[in-house]
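The block underneath contains the structure these notes are about, expressed in C-alpha cells.
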Amino acid sequence: MILVIRPDATLAQIEHIVETVKELGYTPHVSRGESRTIVGVIGDETKPQAANFSVIPGVEQVLAIMKPFKLASREFSNADSIVYVGKTRIGGGSLAMIAGPCAVENYETMDIVAKYVKAGGANILRGGAFKPRTSPYAFQGMGEDGLKILQEVGQKYDMPTVTEVMDPRQIDLVCRYADMLQLGARNMQNFDLLKEVGKTRKPILLKRGMSATVKDLLMSAEYILAEGNKDVVLCERGVRSFEDSTRNMLDMSAVPNVKGQSHLPIIVDPSHATGRPDLIPSMCRASVAAGADGVHVEVHNCPEKAMSDGPQALLPHQFLDLMADLRRLAEAMNREFSKTNPATEEVH
Ligand code: PEP
Ligand code: MN
C-alpha cells in the first residue's frame with residue numbers, strides 16, 4: 001500500500017504514522033518529495049487492520065497495490081479460462097448461446113421454445129424454476145416440477161441446462177436436475193449462497209448485481225473460486241441508473257474491463273439489461289463485438305401469455321434472425337458458437 005500524506009501534516013503526525021504502521025506489523029518506507037510525502041507500506045494488504053490506515057491523522061489517501069481478488073485475477077492465471085457446461089464450451093473463442101423462457105411454465109412451452117432456440121444454434125437451455133420476484137404475489141416458479149421439465153426438454157434437444165438457485169437449501173435439488181447453476185443479480189452478494197455453490201462441482205453463472213461494481217462482481221466470483229469451484233462464468237445484465245426508457249443500463253465496457261482484470265469468461269444478458277426486444281439484437285451483436293464469450297437471451301413463443309418477463313422476450317423468428325447475424329459476426333471475429341454435440345450439430 002501507499003499512504004499519501006496530507007500536505008499540511010506535521011512532523012509529529014508523520015512520525016506517528018510511521019510508528020503505527022510498525023505497530024501493526026508492517027514495514028514503512030518514507031519518501032519525502034518537494035511538496036508531498038508518501039509512505040510505502042510493505043506487508044499483507046488483506047489483514048483487517050489494513051483498512052484502517054486511512055483514519056490515522058495526517059493520512060490523506062491509501063492506495064492499494066494488490067487487487068483484492070486473487071484467484072479471479074489475470075495475475076493468477078494469464079490464459080483465458082474455459083468452462084464446460086455439459087459439452088458446451090465457454091471461453092477461449094467458443095461462444096455460449098444461452099436461450100429459453102424466463103420461467104419454466106409447462107412442458108409444451110418449454111418444448112416449443114427449446115425446439116426453436118436449438119434450431120437457431122443455442123447451446124444452453126435456460127428456464128427459471130425458482131423465480132426471484134419483486135412481488136410475493138407474482139408467479140414464484142414451478143420448483144421441482146419445473147426442474148424436471150427443464151431437464152427432460154434439455155435432454156430431448158441435446159442441450160445442457162441452466163437455472164437459478166436462490167437459497168442454499170435449494171442447491172442439492174437443483175444440482176440433481178441442472179447442468180449449470182445461475183446466481184441471479186439479486187443474490188450476487190448473498191455470501192452464504194456463494195460459498196455453498198462454491199462447494200458444488202457444477203459450473204456457475206454469476207450475474208452482476210444491479211448496483212454492483214465490476215470489482216464487487218469479481219469479489220463475488222472470488223468467494224466461489226475460494227471454495228474450490230473453478231467453473232465460474234460472469235454475466236453483465238445491466239445496472240440501475242437514472243435512465244427510465246430501458247429496464248437497466250447495459251454496461252458494455254464491463255466486458256473488456258473484466259477481461260483485462262480476470263481470466264474468467266464473461267457473457268452478456270441484453271434481455272434483463274434492456275428489457276426491450278427492439279434493443280436486444282443490436283446489444284447482442286455489440287456484446288460479441290466487444291469480446292463477450294456469449295449471450296443470454298429470453299425467448300417465448302407467446303410473450304403475451306408468459307408468466308414472467310413476457311415484455312422482453314424475443315419471438316422465435318426474431319431469435320433465429322439474431323443467431324444468423326451472430327454467426328456471421330463470430331466468424332468475422334474468428335470465434336464460433338460452441339457445439340452441444342459436434343457429431344449431430346448440423347442435423348436440425
Ligand atoms: C433471470 O435470468 O430470469 C433473472 C431473474 O435475471 P437477473 O437476476 O439478471 O435479474
Ligand atoms: Mn427473466
Side-chain angles (χ1 to χ4, degrees), residues 85 96-105 109-110 113 117 122 124-136 138-143 146-147 149-150 161-167 170 174 178-190 193-194 197 203-212 214 216-217 220-221 232-241 246-252 254-255 258 266-277 279-280 283-284 287 292 294-315 319:
V85 182
M97 294 291 143
I98 306 181
C102 180
V104 183
E105 302 170 357
T109 304
M110 202 66 227
V113 172
V117 300
I124 299 180
L125 182 64
R126 67 147 285 144
F130 295 101
K131 294 302 304 171
R133 305 305 301 276
T134 303
S135 166
F139 177 58
Q140 302 287 307
M142 290 180 72
L147 295 173
I149 293 173
L150 182 66
T161 57
V162 59
T163 196
E164 180 158 357
V165 54
M166 297 202 302
D167 185 296
Q170 295 162 353
V174 175
D179 300 298
M180 183 183 217
L181 310 182
Q182 174 172 318
L183 259 69
R186 290 154 192 81
N187 272 314
M188 190 205 81
Q189 285 187 314
N190 182 339
L193 184 59
L194 292 168
V197 298
I204 309 298
L205 181 60
L206 177 64
K207 295 186 114 187
R208 180 178 180 177
M210 54 188 79
S211 22
V214 165
D216 293 336
L217 174 63
S220 291
V232 179
V233 176
L234 306 170
C235 180
E236 163 61 38
R237 47 77 73 206
V239 290
R240 279 272 163 93
S241 83
T246 54
R247 184 171 174 181
N248 289 291
M249 178 82 89
L250 178 52
D251 177 9
M252 198 58 85
V255 173
V258 161
I266 177 165
I267 67 164
V268 178
D269 169 0
S271 295
H272 293 91
T274 67
R276 284 177 42 182
L279 304 181
I280 293 168
M283 292 301 96
C284 283
S287 305
V295 296
H296 177 281
V297 180
E298 287 186 349
V299 179
H300 202 288
N301 59 315
C302 192
E304 61 269 35
K305 293 198 183 141
M307 305 287 279
S308 68
D309 282 350
Q312 71 190 29
L314 284 191
L315 288 162
F319 182 77

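Each ligand, and each atom within it, is numbered from 1 in the order the structure gives.
Here the closest non-hydrogen pair linking Q189 and L194 is CA-CD1, 4.5 Å. Shown here for L315 and N301, the closest heavy-atom pair between the two residues is CD2-O, 4.0 Å. Between M249 and S241, the shortest heavy-atom distance links the atoms CE-OG, 3.5 Å.
Although no hydrogens or angles enter the test, the distance criterion places a donor-acceptor pair under 3.5 Å between the side chain of Q140 and the main chain of A138. Within the 3.5 Å criterion, the main-chain N or O of V255 finds no donor-acceptor partner in the side chain of E236.
Distances under 2.8 Å from the Mn ion (ligand 2) pick out the protein N/O/S atoms C102 SG, H272 NE2, E298 OE2, D309 OD2.
Within a 6.0 Å sphere centred on CZ of R133, other residues, nucleotides and ligands contribute more than 12 heavy atoms.
At a 4.0 Å heavy-atom cut-off, the residues surrounding ligand 1 are C102, R126, K131, P132, E164, Q182, G184, A185, R186, K207, R237, H272, H296, E298, listed by chain and number.
For D309 and H300, the side-chain atoms include no donor-acceptor pair closer than 3.5 Å.
With D269 as the fixed residue, the side-chain hydrogen bond (donor to acceptor under 3.5 Å, both in side chains) test singles out one of R237, R208, K207: K207.
Between E298 and R126 a salt bridge is recorded (basic side-chain N to carboxylate O distance below 4.0 Å).
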